[in-house]
Structure formats: C-alpha cells, structure tokens
Amino acid sequence: MNKIIKEYVDKLPNKILLDVESALPEKCVDSKIKKIMEEMYKEYLYSLADPGESVGLVGAESIGEPGTQMTLNTFHFAGVSELNVTTGLPRIIEILDARKKIKTNMMELYLKKECSGSKNVKKIAEKIKEKTLESYTKEVIINVADMKMIIALYPKELSEADLTVGIVSKILGKSFKKFKFKVENKLLTVISSSKDDALKEMYKLKEKIKDTHISGIKGISQVLPVKRGNEYVIVTAGSNLKEIMKKDFFDSERIISNDLFEIEKTFGIEATRQLVINEVVKVLDAQGINIDIRHIMMVSDAMTMSGKVCGINRYGIVKDKPSVLARASFETPMNHLFDAALIGEEDYLNSVIENVMINQAVPVGTGLPGLVIKVK
Amino acid sequence: MTDVYLNNKFAGNIKNPEDFVERIINERRMGKLPITINCRHNKKSDEVRIESSGGRAVRPLIVVKNGKPLLSEKHIEQLKKNDLLWSDLVKQGMIEYLDASEEENALVAFSEDELEEESTHLEVNPLDILGLATSFVPFGHYNHGVRLSQGSKNQKQAIGFYMANFYIRIDMDVNLLHYPQYPIVKTLTHETLKYEKHPSGQNLIVAVMSYEGYNMEDAIVINKGSVDRGLARSTYYRPANVEERRYSGGLIDDVSIPDKDVNGFRSEEDYKFLEEDGIIYPEAKVGEGDVIIGKTSPPRFLNALEEFDLTSSSRRESSVALKHGERGIVDFVTLTENVEGNKLIQVRLRDQKIPEIGDKFTSRHGQKGVISIVVPEEDIPFSASGIKPDLIFSPHGIPSRMTMAHMIELLAGKTGCLAGRKVDGTIFSSEKEKNLRKELLDLGFSEDGCETMYNGITGEKYKARIFIGNMYYLKLKHMVSNKVHSRARGPIQLLTRQPTEGRANEGGLRLGEMEKDTFVAHGTSLVLKERFDSDKTIVPICEVCGLIAINDSRKETSFCPVCGENSEISNVEMSYAFKLMLDEMKSITIYPKLKLKGKY
C-alpha cells in the first residue's frame, strides 16, 4: 500500500483505502495522492452522522412512510407455478417481529459444482422432498378374514427414489412396533401382533400409516429447480437446514433459509443480521420501494446486537430498554410499572421518551450538549 | 321429494319442483296470486322457497317468452295514448316484480338486442342497473366507473332546494341554495323525479384553463362578479331547542332571563337579546356567546337545608347560547308543547353563506374542488364575444381521471344553452356527441367548443383556444365558515390541564405522537419542549421523600406532609400530565420517588 494512503489506516475504513488504491493511475505524484486523501477524509467526515442525530427515528420514519404505501399494492400471481412466499407488508412485519414460526419458510440450495448438471438437479430435488407412504401407495386392502393389511406400492416411483419394498417395510417396522411388516410377492403385508381388537387397530393403522415419513427430508413439502445464471438452484418450500447440511452434494457455503431462528441456530448471529437485511431489502425491492440500506442495517443491528434475535416488540428490543418509563410508554404499562416497583428500579431519564413525558429537553440534537463549567 | 318453504317455514313436500314453481309463477302472472309473491327452486339444496313477506326489495322486469318480450310496440303505442296503464301491464302479466331470490333463476337481458332464446326477462330500461344518484350523472357511459360512483356520492352532499315547506320546518343542520336551477344537460331521471321542483345546483359557464396557478390540485377559480350577482349563495339553518323539564319534587325548569344570583350567571351583556319571556326576538343578529333562550334549572342535588329554601340562589343557569365561532340571525321562534306536555321552545337560526375561498364545489362527475381564489370580474379572461366564465376548472383534472363525460357535458351544456333547449344526457341513450357538435357549428360556434379568449388582466390574446361551455355545478355542504378554527390561548381540561378538543370548545390542535417524532428527528428538542408546555406546572418536591410537597402561598412556606416542616423542598417544573401520572401511580400502590439533581 502507498505510504501516504497508509497514514489514513486509522482514520478511514479499510474498504475505502483499498478502493482508492485500485483506482489510482499507475503513475501518480505523491502530492496529488496527498490531496486526494485529504479530500477523501473531508468527505468521509462530512458523511458521518452528526453527534445527537436521531438516527433511529429517522430510520423508523424512512421505513415507515413508504410502508404505508405498501399495504395497498400487495399482489399475488394467481395460478403461476411458483412457490407461494409471503411478501409485502406481512413479510416485513414477520421479519421485524422476529416470529418463531413464519408463514412460509423456504430455502435456496446451491449445488456443488460436480453435481450441478440439469439431470442431477431434478433427481436431487425429488430426493430431498419429504414423502410419506401415501405418495408411494397404489392400494390398501384389509383382509378381514386373515386379519392382514396388504399395501401395494408403485414400483416405478420406488426405484426412482432408490427404494425397495423391503426398505419401506423396515422403515415402517421401526415406527410401528406393534405390527409386523413383511414382503410377500412385492406386496407389503402387515399383521397385527396384538390379539384383541386387532381389526380396530388395523383400521386405525390404515389412517396413521399414510402419513409416515418414508424418504426425503422432513419439512420440505415442495421443491422447484430454478436456473440462476449458469447453475441450477433448488428452491424449497419448508426448511430444514440441519438435515440439508448433512447431504454432501450441496454447497454448504451458499445455502440459505429465510427462517431467522434456523439461520441463527446453524450459522450464528452475524449471519442472521445479514439475513434480516437481505430479506427486508428483497421485499422492498419487489415493491419498487427505495429505502437507504443503512436504515435497514441499523434495524437489523438493533435486532441482533444482544447476541440473540430480538423482535421489535415488547418481548424483544423494548424489553431491553433500561428505562421503566420508556418501556411503560410502549405497551402493557401496568406490568412494567409493577415489576419496576417490586425491585425498586430507578429511571435516569437518559433517553427520548421519558423526557417527552416530563416535558424536559430530549437528549438529541440541540438538547444534547450541556454546560461543562459548573455554576456554583 | 322436494321441500317447500313458505316464508321460511316448512310447508310440505312436492314431487316435481320445476312444474310447481312454473305453476305458481303462471298463476301470479294471470292475476290469481298477488304480484308480491316470489318463488324459486334452489337446485343446489333442492328446495322451493315461496316468499310473500314484506320488506323485500323487488324490481320490475318485462316478461320474455321464447326470446320475445310480451310487451310489444302495440302496447307502447297504447301507453302513449294513455289507453293502457302501468298497472294494466302488471295485471296482464307483461311486467312482473322479482325479488333477489327469484332473480337468481332468471336470465335478464340488458337490452332488446341482447335477447336470447333462453332469456326469461328484459330490463324495462337499461337505466335500471344504476342507483338513483348514479342515474343523475349525464353521459355516464363515457365515464370511468370509479368516477361515476364518486360523482353520485358527491351529489348526495350537494345543497339545493331540499323541501318546499322549509320555511315552516325546524330541521337540524340544513342548507338551502339560493336560485337553484334545473340542469341544461339532464337525464331521464331528472324528468321522472320532477327535478325542477327540487333542483340542487346551478348552470355555470365553465372555462377549462389554468389561471395563474390558482387552480392547481383540483382547486377552482370563481368569478367575483358572478358571486356578487348571487351565484351559489346559500342559507344555513340550525335550530336551538329548549324544553321546560320537570324534575322530582315538583321542581321545573324556568325559561326566563336568569337572575343575577343564579349559579353560573353569565353577564348582563350576554342576555341583551332576550325579551321579557326569556326568549330571543326574530331577526336578532347574534354572535358567539350570545344567549338565545334564557333558562334556569333546579339544583342537581338537594341537601336537607336547601329543600326548604328554593330561592333563585340555589338554581343553576342552563341557557342555550351560541358556541365558539357560531353566528347567525334568528329566523323563526316557536312555542309549543312536546309529547310529555312540557313547554317546548324552538328557535331557528339562519346564516347566509356567500361562496368564499375554501368552499367546496363539484360537477356531476366526481370532479370536486375547492375555491382557491375569488377573482374580480375585470381580471377574469373573456371570450371574443365578451363571455366571462363563472368558474375556471383546471385541465390537469382530466387525463388521469378519464372523466370524458365531464367534457361532453360542457359541450352539451353549451349547445343546449345556445339553442335554448335541454339536452338529454341519459346514460346509454344520450344524444350523440356528433350531433351536438354539428348543432353547435350551425349556431355559429366552433364545433369543438373552444373559443379564442383574452387575458383579463393584460388584455392579451391567449395562444391556446379555450374550451368553454355550460356545466351544471353543485355546491357541497362542506363550507369553510363551518370549519375554520385556530387558537393561541384558551380553555383547558380540568383533569389534565391540557387544551380542550374540538372547534366548538375552542380547542387546541393536537400535536400527536407522530408529529412529535418529526421534532425529535430534526433534533430540535427545545422547540419540542416549548410545543409541549401547554400543561406546564411548577410542583414543590420534598428532597427527602421525593414526593410532592405542599406550598402554602399565604404563609409563603412549603412543607412536606410526610417529612414535616424541616425537609428541603425544591420547585420542579414538569408537565401536569406527568404529575397526574405520579398521582395515579400512588393510587396503585407504587411509590414514585423523585431524586432531584441540580440542573447545572
């Protein structure tokens, strides 16, 4: 790195320094570089937020105002073969509230280079799709005389999923210990081991057995291979990162889910911060709304800075506010007041809302600076 | 077997529902059953429902058989000659009334050329698919559907000649338009409803042009000369009612000029309009605070002593006075008795409203706007023939809203005005635009309705030719004089010491939570503090216990009710609402202790 540029290592972010260096022409006089860096530093300082700037409120207004326009024009493409994903305002609310159960979770699975051929993709996609016995079953017959249930399976579908009747019977045997599963004539035969009420049990089993998980990954209800650039991506409805990471044909560095908590569990809080930003930006872009990304980054920071995901509600970031009055002014004031009274909490009136309540200057902007000299 | 229900009650079973329903309908058409009976076979639930109850909405339709309406040209001729009446058509089964249920099984053709082999009915007039207000919109079939409904909504708020006996009525909150006119461009509904007896607008000369930017954003420019000649003036009537109520113990309200020692006596000045009977005289010009009917009531709660001493001193003043911002002239005074036999006094106030900046007007196409300036007549643009528009409408209101009918009405109005006739603008069957243009040309005007105009201020000729013609405009009941409001100081609420709410109470304009946020976002925290100090108070606080102390202003000492005389007490400035919150916290057994610290 240039000597003059190096002087600015502690003053400017590294990214800017690298950008400047790469943009410099090969031969450049030192005095000119110096001038450039001085200008650069000035510009950098100028673009920083001023002390006492209400960045949070400006951010809230910047997101909130376009948000009001959004509610009206949320639309869906009816009947198009696409995964149904929550977008628009409902999705934004879902993200910012940090809901544990989101309406439609999905994953985007990138494949490792060696298995990204178009034929492979379809096969892999089918393989990870969660399948129950029902989807393989051709016919179920209950033989009342012999107290047997005979299940006929589709041979073609079985072989496509690398299964045999034998494997299926073993899987079933594991989950239904009361019954015996056998293969006779390529047909799955079930015999009840209990003597009394065998027929009743059998009928109950007939319904239960349909939903038994046979192949694929749990939770993935739909798969859709999509071509993105030169490669194929499998978009799934439903997500299960833990199981997907076990499969070796996925590029585990690029796998993405839209479930904040799942990402937090598997990839950590930093990844979650980025996910919040990405997901919000994605919704806003789809609506044609342009919000400076720094506002969203700050929201994401606020949600994740405690090391766990906090929604913007009374269970999340509002709960962590140090001031009782600030918490009470948001929601459920009585609970906050009583809880504070129990432990004798003290309010130092350090933030905005408390000072609005008692009608004192709020400590932002012109209300921030105070006298340094003590008047006696 | 199909179940049959008569007025939602099970009546029995039948085998062949189709035949059954057909028989009922045929008998109704033949006059054997009343015309108000409706019958329907619901194929889905396989049940027959017969309705004869009152309160159902029914509508007339022409009966169609084998793709041909029963009502023929011959009948129409007879109708014209008055040989045949509507009731005869119904009696003869040519026209029948269907309710919502029977309509479900009918195939109604919209017009004669839409008749099919399977059609069961024909619309009497295509107009029938519209509501009343919507059918008042001329050339409605040229409009965007949304504008059509907005136009009809606006018409409901128009002020006009609402009732011919208005002078002897006492109605709540009514407006009466001076010199109302029948529209030049009318529809069939205007005729059938005798609109000339209760019109609600005026035919104005409208120029579609810009005027010095005053008609931006739907604003309209109006001609002062026209206003002076009485255009769009109206009268606003408002009643004041007082009843001499009777209370337990033989006590009674008393309508009279209140005595000076009555509880809550206003001032001599406020009662100046009252005559001996305590009621105002007609044609008195009253303003804010003036008493219209003087009244005193007995006290609300009687203690043992007062029960024997019912002198005026214990009575309450309960007169009716004009509230903040109200004014008018007393129009009419009546003295009657109400249902309970109490004396009832009704006074009607009148107030003339001259169009002014802020009054709302609309054409019949949802093109509403507010007067932004009243221009002196000499500054109004004029045409080559010397015509000056009453109203100038902005051309920017047209493209995005696509109200073609607005412009066609203007053209039609011009044609009608010049030809001295009314133009039919009935939806789906209006006069053709082509013919109107031709007629206009024959009258010696440009067929597109445009005219050369001159700037009223400079006298220069406008480069563009201006589209000018006659339109029916409606004055809407929203007038600024009923709405303007501002306040600097004024009354406050007892509990919170914050300003009262609403115009009638001379209230403040709330600076709400989101408005507060904008101050915070700007970092102007001292401005915010100043805006919120409407309920500022100074509270003495005991520094030992942190609770509110007592200030004895007579002895000029402060003391703490908890810690006694010797504790240090400081005066603290805070919002009264916060002091109230501290009190409320105490009431739920929370001890809000204030720790004081020097400000500097």
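Below, read A as the first sequence line, B as the second, and so on, with proteins coming before strands; counting in each chain starts at 1. What's counted below: heavy atoms across the whole structure, side chains too, no hydrogens, waters or symmetry copies.
- Neither the backbone nor the side chain of A/Leu349 comes within contact range of chain B; no heavy atom of the residue lies under 4.5 Å from a heavy atom of that chain.
- Within 6.0 Å of CG in B/Asn566 there are 12 or fewer heavy atoms belonging to other residues, nucleotides or ligands.
- Both the backbone and the side chain of A/Gln360 come within contact range of chain B, judged by heavy atoms closer than 4.5 Å.
- A distance of 8.0 Å separates CD1 in A/Ile353 from CG in B/Asp517, rounded to the nearest 0.5 Å.
- At most 12 heavy atoms of other shown residues, nucleotides or ligands fall within 6.0 angstrom of atom CD in B/Glu530.
- More than 12 heavy atoms of other shown residues, nucleotides or ligands fall within 6.0 angstrom of atom CZ in B/Phe110.
- The 12-atom threshold is not exceeded at CD of B/Glu501, counting heavy atoms of other residues, nucleotides or ligands nearer than 6.0 Å.
- The shortest distance between side-chain heavy atoms of B/Met581 and A/Leu337 does not fall below 4.5 Å.
- B/Lys579 does not touch chain A: none of its heavy atoms, backbone or side chain, sits under 4.5 Å away.
- Between A/Met334 atom CE and B/Ile588 atom CD1 the span is 4.0 Å, to the nearest 0.5 Å.
- The contact between A/Leu325 and chain B is made entirely by side chain atoms (from C-beta outward), counting heavy-atom distances below 4.5 Å.
- Counting heavy-atom pairs under 4.5 Å between each of A/Asp347, A/Val58, A/Ile358, A/Val364 and chain B puts A/Ile358 at the top.
- Using a 4.0 Å cut-off between a side-chain N of Lys or Arg and a carboxylate O of Asp or Glu, A/Glu346 and B/Lys593 do not qualify as a salt bridge.
- Annotation for B/His485: atom NE2 counts as buried by contact number, over 12 foreign heavy atoms lying within 6.0 Å.
- In terms of heavy-atom pairs under 4.5 angstrom with chain A, the leader among B/Val527, B/Asp533, B/Val572, B/Thr524 is B/Asp533.
- The environment of NE2 in B/His478 is crowded: more than 12 heavy-atom neighbours from other residues, nucleotides or ligands sit within 6.0 Å.
- When each of A/Ser54, A/Gly365, A/Gly52 is checked for heavy-atom pairs under 4.5 Å with chain B, A/Ser54 comes out on top.
- Considering A/Val352, A/Leu368, A/Thr366, A/Val356 in turn, A/Thr366 is the only one that fulfils the side chain to side chain contact (heavy atoms under 4.5 Å, CB included) rule with B/Ser525.
- Options B/Glu573, B/Lys536, B/Lys595 differ in how many heavy-atom pairs under 4.5 Å they form with chain A, and the most are formed by B/Lys595.
- By the 6.0 Å contact criterion, OH on B/Tyr214 is open, its count of non-hydrogen atoms from other residues, nucleotides or ligands being 12 or less.
- More than 12 heavy atoms of other shown residues, nucleotides or ligands fall within 6.0 angstrom of atom CG in A/Leu342.
- In terms of heavy atoms, A/Asn359 sits closest to B/Lys529 at OD1-O, 3.1 Å.
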